[in-house]
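Working notes, structure below.
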Amino acid sequence: KIGTYDFFASSEINLNDKISLRPGARVMFSEQFDTQYVMSLSAKYAFAKNWELRGIVGTSPRLPNYDEMYSLLVDVNHDVRGNENLNPEKGVSAFLHLKNNWEINSNTNLEQKVSIWKIDLKDKIDLVIIGEEPLRYQYNNVDKYNVQGIMYMNQFSVGNLIGGVGATLTGIKQSIDQKNVVEKQEDKYFYSVQANANASYRIPKTGTTF
């Protein structure tokens with residue numbers, strides 16, 4: 001049995017027609033772990049010509065769930081075990097978003113957005129290889145886990161035609177120092193790229209979308 005109880009509060013403060021702030025706080029109570037505290041602050045600035053800049057920074061703890069602590073799946077093909085000695089995740093995250101929405105005319109709209117982010121986690125909970133022959137997994141705390149990235153998104157609508165393109169560059173760095181863990185990671189960022197494109201067309205007369 002695991003019991004967790006959260007209480008949170010937030011407020012929006014409009015300093016003027018361009019600047020707004022949104023502070024927030026959360027308290028996480030648990031029957032198994034020490035009380036965790038979450039703090040966040042979001043700020044938005046509205047520029048001329050529909051430009052908008054938004055920044056978010058905050059702490060990011062997470063408590064282990066039931067499966068991560070007590071799961072046990074062992075058969076011919078699997079060996080996945082929980083870990084009662086897990087620690088809560090703790091970290092800090094920061095995001096920055098810049099976007100613009102152009103209404104070129106009543107029939108044409110263009111939205112562009114650029115986002116950058118960085119997340120630093122300590123004791124991230126993840127499945128880790130603890131034995132190779134046979135292959136065995138267990139939920140463990142990753143000592144250090146860092147993510148950083150940048151994303152670009154472009155969405156457009158021209159009449160009944162809607163589409164968009166986007167790309168994301170993400171870098172992940174992690175280290176596991178536990179002696180009983182087989183899986184080791186180099187202390188550098190490994191980057192991956194994702195790209196996407198979409199398009200749809202709606203026939204108003206029939207309400208059909210392709």
Whether the side chain of [X] engages the backbone of [Y] through a donor-acceptor N/O pair (distance < 3.5 Å, no angle test) should be reported.
X: Asn140; Y: Val128; result: no
X: Asp79; Y: Arg136; result: no
X: Gln36; Y: Asp34; result: yes
X: Asn160; Y: Pro204; result: no
X: Asn83; Y: Tyr139; result: yes

Exercise. Step by step, would you call Phe33 with Asn87 a side-chain contact (heavy atoms from CB on, under 4.5 Å)?
Worked result: CA-CA 8 Å; Phe33 302 99; Asn87 297 318; 5.9 Å; no
Exercise. Should Trp102 and Gln112 be marked as a side-chain contact (heavy atoms from CB on, under 4.5 Å) after you check the CA-CA gap, both sets of side-chain angles, and the distance that decides it?
Worked result: CA-CA 9 Å; Trp102 285 286; Gln112 291 185 310; 3.0 Å; yes
Exercise. Pairs in or reaching into residues 8-18: which pass side-chain hydrogen bond (donor to acceptor under 3.5 Å, both in side chains), with residues at least two apart or in two chains?
Worked result: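 Only Glu12-Arg22 qualify under side-chain hydrogen bond (donor to acceptor under 3.5 Å, both in side chains).
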Can you tell if the side chain of [X] reaches within under 4.5 Å of the side chain of [Y], non-hydrogen atoms only?
X: Ile203; Y: Phe210; result: yes
X: Ile125; Y: Asn141; result: yes
X: Trp117; Y: Thr170; result: yes
X: Ile13; Y: Leu15; result: yes

Exercise. Can you list the other members of the hydrophobic cluster that holds Val27, where links are side-chain heavy atoms under 4.5 angstrom apart?
Worked result: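 Noted: Val27 shares its cluster with Tyr5, Phe7, Phe29, Tyr37.
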Problem set entry | Neighbour count >12 (heavy atoms, 6.0 Å) for atom NZ, Lys122 |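 No.
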For this session: Answer yes or no: does atom CD of Gln194 have more than 12 heavy-atom neighbours from other residues, nucleotides or ligands under 6.0 Å?
Result: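 No, because the 6.0 Å sphere around CD of Gln194 holds 12 heavy atoms or fewer from other groups.
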Name the atoms and distances for all side-chain donor-acceptor pairs under 3.5 Å in residues 64-72, with sequence neighbours left out.
unit_1 : atom_1 : unit_2 : atom_2 : d
Asn65  : OD1    : Asp67  : N      : 3.2
Asn65  : OD1    : Glu68  : N      : 2.9
Glu68  : OE1    : Asn65  : N      : 3.0
Glu68  : OE2    : Arg62  : NH2    : 3.0
Ser71  : OG     : Asp67  : O      : 2.6

Problem set entry | Qualifying residues under side chain to side chain donor-acceptor pair (under 3.5 Å), relative to Ser115, sequence neighbours excluded |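 Testing Ser115 for side chain to side chain donor-acceptor pair (under 3.5 Å), a comparison that skips the adjacent residues, returns His97.
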For this session: Please list, chain by chain and in numerical order, all residues satisfying side chain to side chain contact (heavy atoms under 4.5 Å, CB included) with Glu103, sequence neighbours excluded.
Result: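 Glu103 satisfies side chain to side chain contact (heavy atoms under 4.5 Å, CB included) with Asn109 once adjacent residues are dropped.
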Contacts under 3.5 angstrom, residues 50-61 side chains, donor-acceptor by atom type, not counting sequence neighbours:
unit_1 : atom_1 : unit_2 : atom_2 : d
Asn50  : ND2    : Asn101 : O      : 3.1
Glu52  : OE2    : Arg54  : NH2    : 3.2
Thr59  : OG1    : Met39  : N      : 2.9
Ser60  : OG     : Gly91  : O      : 3.3

Problem set entry | Candidate pair Met153 and Asn196, rule side-chain contact (heavy atoms from CB on, under 4.5 Å), full reasoning | CA-CA 9 Å; Met153 182 269 292; Asn196 64 81; over 6 Å; no
Problem set entry | Pair Gln148-Tyr191, side-chain contact (heavy atoms from CB on, under 4.5 Å): steps then yes or no | CA-CA 9 Å; Gln148 60 186 22; Tyr191 286 92; 2.7 Å; yes
